[in-house]
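Let me begin by presenting the structure, written as C-alpha cells, before commenting on it.
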Amino acid sequence: MSILNPWPAILARITKAVQQAMVSYHRRKGHVLISDTTLRDGEQMPRIHLSPEQKVRIALALEEAGVHSIDAGFAASSEREVTAIQAMVRAVKRPVLTSLARTLPADIDAADRALAGRPPHKRGVSLLLGISPIHRQDKLKKNKEQILSMIADSVSYAASKFNIVAFGPEDASRTEPDFLCRAFEVAIDAGATTIGFADTVGFLTPEKCRDYIRRIQDGVKNYSKALLAVHYHNDLGLAVANSLISVAEGANIVQGTIGGIGERAGNVPLEEVVLALQLHADQYRKKTSVDATKLLGLCRLVSELTGVPIAANKPISGENIFATESGIHQDGLLKNPDTYMPYRPQVIGSSGFRLVLGKHSGRKAVAHRLELLGVKLDDAGVEAVLKQIKELDDESQADRDEVLLGLVEKLGVRR
C-alpha cells in the first residue's frame, strides 16, 4: 500500500521536519514562552464558572497582552467546553490554542474536533497522565511498562492529528527521576514537541526544582528534540521562585494563571513571573512576548469575571501596591517616586501612586492632597489639619475628600 501511495509517508516526514524546525527555532531564539491556563486549570478553582462568552473575553485580553499559548479547556469534559473552545478558535488569532486530553483516543478526538479550523501551527493538544508511584499504584493500577505503553500509543495517535503535542505527566515532581526521564524519552520518540514538568501538589523548593531540571536535561537522551515546559502550583508559596529558577536553568515555557487562581493555593501567577523577568533582565537574560503594561488590566478583568477578589497586598494587582499612609514614605514619594517603589506604576499599566491620609500620614501628604483640591494652607494650617486627622474617631475617614475639606472649614480657612 505504501509503495502504491507514498504520499502519507512523505507528508509525515515533512510534518516531522516542520516540528523539529519549530523546536529548534524556539531554542535558538532563547525567549521564554508564556502559556496561560487560566481558562482550564484556573477555572478548576472551586466556585468559578465561566461562560463561553466570558472565556472569549479573557482569551482576547490574553492575546492583546501577548501570551504565546492559551490552554483553552478540556474538550472531552462537556459539549459546553467544546462550544467555548470553538468560540475562541473563531475569535483569537495569534496565540496557539490547546486542549487538555487524557491519554485516550476519544479525548484526543474531542480536542481535534473542538480546535477544527485552526491553522496547524496555531493548535495543539496537551496529554495528561499520572506517572508517580502513588498515581500508578493507587489511581491507575498500572505498572511502569504499561504506563510507558500508554504514553507511546497516545502521543503517537495525537501526533497523527496535531503538529503541536505536549506530554505533561501529572505529579512529575513525585516521580522517580529515572522513570520520569524514560517517560519523556518515549513521549518525544512518539512525536511530542513539548515535555512538561509539573509540580502538581506544589511542594517543591527552588533547589529541588533546579535539581529536577538538570536531571531531565542530562537524563533524557532526545531532550534537544522537544521544548521543556514547567507548571508549578503554589501550595508553599514558592511557585514564582520555582518558575524563575527553572527559567534560569533553561526551561523554555512557563505555564500558569492570571492572578494565580487554581485549585488549592492556585497556580503560579504569570504576571509576577513576567514582571520579574523584565525587571531582572540582567540576571535571567530571557525575554517574553508579554506586554507588561497590560498586566494590571488583565488581572482586574480575570478577577471581575471569575468573582475572585484581589487581595489588597497582592503583588502587581493589589490596591495597596502603589498606596502608602506612612508619612516618611509619602515624603519620599513626593520628592522622587523611586525612593519607595521597585518600579513605576506605568510599567504595569497603572496611573500612579496614591497617598492615603490617616494617622500615619505627614504634613507633606496633607498639603499635597489639599493642593489637589484647590486649597493652599501655610505650615501652621497644615499642621492643624493633620492634628484633627489624628483625633478623628475613625481615622480612615480622613482619606475622603469631603471629610478633609470639612476639617479645613472647621479651621475657618477660606478656599
Side-chain angles (χ1 to χ4, degrees), residues 7-8 11-12 14-16 18-19 22 33 35-44 48-63 67-130 140 149-170 187 190-196 198 226-227 229 231 253 255 257:
W7 288 111
L11 289 174
I14 293 174
T15 299
K16 188 68 174 177
V18 170
Q19 291 171 331
M22 175 193 68
L33 306 180
S35 176
D36 182 87
T37 186
T38 301
L39 303 178
R40 200 273 304 169
D41 207 352
E43 198 194 19
Q44 291 179 187
I48 290 182
H49 304 285
L50 293 169
S51 68
E53 295 76 18
Q54 290 173 322
K55 288 192 173 188
V56 168
R57 284 186 63 188
I58 293 173
L60 288 171
L62 291 167
E63 177 181 39
V67 301
H68 174 264
S69 62
I70 299 174
D71 183 1
F74 181 17
S77 65
S78 69
E79 281 303 311
R80 180 182 175 87
E81 193 79 340
V82 171
T83 298
I85 295 173
Q86 290 176 338
M88 283 181 260
V89 167
R90 293 188 295 270
V92 178
K93 305 304 179 186
R94 293 191 300 275
V96 174
L97 293 183
T98 66
S99 171
L100 183 72
R102 293 165 295 187
T103 52
L104 301 172
D107 278 24
I108 297 168
D109 289 342
D112 185 32
R113 178 166 62 92
L115 292 164
R118 193 82 177 163
H121 68 293
K122 292 293 184 180
R123 67 181 217 137
V125 64
S126 299
L127 300 179
L128 180 73
L129 178 67
L140 300 174
S149 179
M150 293 171 67
I151 294 171
D153 291 346
S154 61
V155 172
S156 178
Y157 183 69
S160 71
K161 295 177 176 292
F162 291 90
N163 288 353
I164 299 173
V165 179
F167 171 63
E170 196 175 14
T193 54
T194 298
I195 53 175
L227 299 176
H231 176 109
I253 303 169
Q255 185 175 69
T257 62

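In what follows, residues are counted from 1 in the order of the sequence shown.
- When all heavy atoms of Asp36 and Leu62 are compared, the pair lying nearest together is OD2-CD1, 3.2 Å.
- Residues Asp153 and Thr103 are not in side-chain contact: their nearest non-hydrogen atoms beyond the backbone lie 4.5 Å or more apart.
- Screening residues 114-127 for side chain to side chain donor-acceptor pair (under 3.5 Å) gives Asp112-Arg123 as the qualifying pairs, with residues at least two apart or on separate chains.
- With rounding to the nearest 0.5 angstrom, the CD atom of Glu63 is 13.0 Å from the NE2 atom of His68.
- Between Ile195 atom CD1 and Leu127 atom CG the span is 13.5 Å, to the nearest 0.5 Å.
- Contact record, Gly124 with Val96: N-CG1, 4.4 Å, taken as the closest heavy-atom pair.
- Summarising the geometry, atom CG belonging to Leu50 is positioned 5.0 Å from atom CD1 belonging to Ile58; distances are rounded to the nearest 0.5 Å.
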Ser51/Arg80 under side-chain contact (heavy atoms from CB on, under 4.5 Å): CA gap, chis, key distance, verdict: CA-CA 9 Å; Ser51 68; Arg80 180 182 175 87; 3.8 Å; yes
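- Contact record, Leu39 with Lys55: O-NZ, 3.3 Å, taken as the closest heavy-atom pair.
- The side-chain hydrogen bond (donor to acceptor under 3.5 Å, both in side chains) check on Gln255 picks up Ser35, His231, with sequence neighbours excluded.
- Taken from CZ in Phe162 to CG in Leu115, the straight-line distance is 5.5 Å, to the nearest 0.5 Å.
- Leu128 and Gly168 make their closest contact through CD1-O, 3.6 Å (heavy atoms, listed as atom of the first residue, atom of the second, distance).
- Across all their heavy atoms, Val56 and Ala87 have their closest contact at CG2-CB, 3.6 Å.
- If you take CG on Leu100 and CZ on Arg40, they are separated by 4.5 Å, rounding to the nearest 0.5 Å.
- Closest approach of Val92 and Ala59 over heavy atoms only: CG2-CB, 3.7 Å.
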Full working for side-chain contact (heavy atoms from CB on, under 4.5 Å) between Met150 and Ser154: CA-CA 6 Å; Met150 293 171 67; Ser154 61; 5.5 Å; no
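- To the nearest 0.5 angstrom, Thr193 atom OG1 is 6.0 Å from Ile164 atom CD1.
- For the pairing with Val165, the side-chain contact (heavy atoms from CB on, under 4.5 Å) check across Ile108, Thr194, Thr98, Val155 returns one residue only, Val155.
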